[in-house]
Amino acid sequence: MVGFELRIEEQVYVLSILQGGRFIELSRLAGGAQRLLLGLNTPPQAQLEAAIDTAENWLMPHVSGLRGQMLDVADPTGRLTSGLLAVLETSERSWSLAAIEQAFVKVVDLATGRHAPAALNQHRLFVADLLLVRELAHHGQVAGVRLSNERH
């Protein structure tokens with residue numbers, strides 16, 4: 001069975017593939033969420049587009065094997081988990097590709113609105129985390145996404 005994992009760390013994102021019962025690192029994006037959002041409080045549309053470009057450039061060489069697979073997201077920081085709860089008011093732990101798309105569109109609408117909600121301002125790195133999960137799921141055409149706070 002093939003499996004993929006995106007691990008969210010404080011200063012890095014790590015994409016791994018499950019082989020022989022253990023995860024083997026494929027790639028890492030140094031700087032993590034800060035690299036994607038460049039330190040802005042609430043990213044405007046142009047900054048989100050730049051973050052999407054950065055994410056796509058990093059992940060595109062690795063997404064071909066994702067098609068139809070589950071993407072496991074390990075969030076030992078708790079950042080994605082707390083952002084989902086505070087900003088989107090959900091404690092869901094698994095999503096279809098369509099559900100990830102809907103969550104991302106809602107966050108983009110909030111982030112690019114005239115007055116971003118306080119919850120979004122307090123969880124701004126969550127935007128980068130969700131953006132990267134969405135890009136992996138979208139371009140990889142995954143069957144779904146599962147979230148855990150555990151490190152594999």
Side-chain angles (χ1 to χ4, degrees), residues 2-66 69-95 97 99-101 103-108 110-112 116-140 142 144-152:
V2 177
F4 290 86
E5 177 191 65
L6 172 67
R7 193 172 67 244
I8 299 170
E9 297 284 350
E10 290 296 334
Q11 297 294 319
V12 66
Y13 292 116
V14 179
L15 182 63
S16 300
I17 186 170
L18 183 63
Q19 290 182 336
R22 65 185 188 103
F23 282 102
I24 308 296
E25 185 176 309
L26 292 173
S27 185
R28 58 181 44 228
L29 182 62
Q34 294 86 350
R35 179 168 175 189
L36 289 181
L37 295 182
L38 304 174
L40 296 179
N41 284 336
T42 303
Q45 185 68 32
Q47 203 59 149
L48 284 172
E49 290 173 10
I52 289 169
D53 287 344
T54 299
E56 286 176 346
N57 289 338
W58 175 64
L59 64 89
M60 289 308 283
H62 309 289
V63 297
S64 63
L66 284 167
Q69 302 295 322
M70 288 299 291
L71 173 63
D72 288 306
V73 178
D75 178 25
T77 67
R79 200 170 58 209
L80 180 60
T81 305
S82 65
L84 287 165
L85 186 57
V87 176
L88 297 178
E89 300 176 344
T90 183
S91 58
E92 292 291 319
R93 308 298 287 178
S94 62
W95 304 271
L97 179 55
I100 285 291
E101 292 284 345
F104 180 69
V105 167
K106 185 172 181 178
V107 168
V108 167
L110 291 171
T112 58
L120 188 61
N121 289 330
Q122 294 168 357
H123 295 273
R124 67 181 188 80
L125 296 180
F126 151 76
V127 175
D129 298 338
L130 183 61
L131 181 147
L132 190 55
V133 169
R134 184 268 178 186
E135 290 302 309
L136 274 166
H138 174 78
H139 291 291
V142 300
V145 177
R146 290 183 295 233
L147 173 63
S148 83
N149 291 348
E150 312 271 319
R151 183 188 302 250
H152 293 131

Side-chain heavy atoms of [X] within contact of [Y], under 4.5 Å:
X      : Y      : answer
His123 : Arg79  : no
Glu5   : Leu18  : no
Glu56  : Asp53  : yes
Trp95  : Leu84  : yes
Asp72  : Ser148 : no
Leu110 : Val127 : no
Val14  : Phe23  : no
Leu136 : Val142 : no

What is the minimum heavy-atom distance between [X] and [Y], and which atoms define it?
X      : Y      : value
Leu36  : Ala128 : CD1-O, 3.8 Å
Asp75  : Leu147 : CB-CD1, 3.7 Å
Tyr13  : Trp58  : O-CZ2, 3.9 Å
Met70  : Arg146 : CE-CG, 3.4 Å
Glu9   : Pro76  : OE2-CG, 3.9 Å
Ala137 : Val145 : CB-CG2, 4.1 Å

If I take atom [atom1] from residue [X] and atom [atom2] from residue [Y], how far apart are they, to the nearest 0.5 angstrom?
X      : Y      : atom1 : atom2 : answer
Leu15  : Leu29  : CG    : CG    : 10.5 Å
Leu120 : Leu88  : CG    : CG    : 9.0 Å
Phe126 : Thr77  : CZ    : OG1   : 11.5 Å
Leu80  : Leu85  : CG    : CG    : 11.5 Å
Leu37  : Leu125 : CG    : CG    : 6.5 Å
Thr90  : Arg93  : OG1   : CZ    : 10.0 Å

(message) List the residues meeting side-chain contact (heavy atoms from CB on, under 4.5 Å) with Ala50, not counting sequence neighbours, and say none if there are none.
(response)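 Expected list: Gln47.
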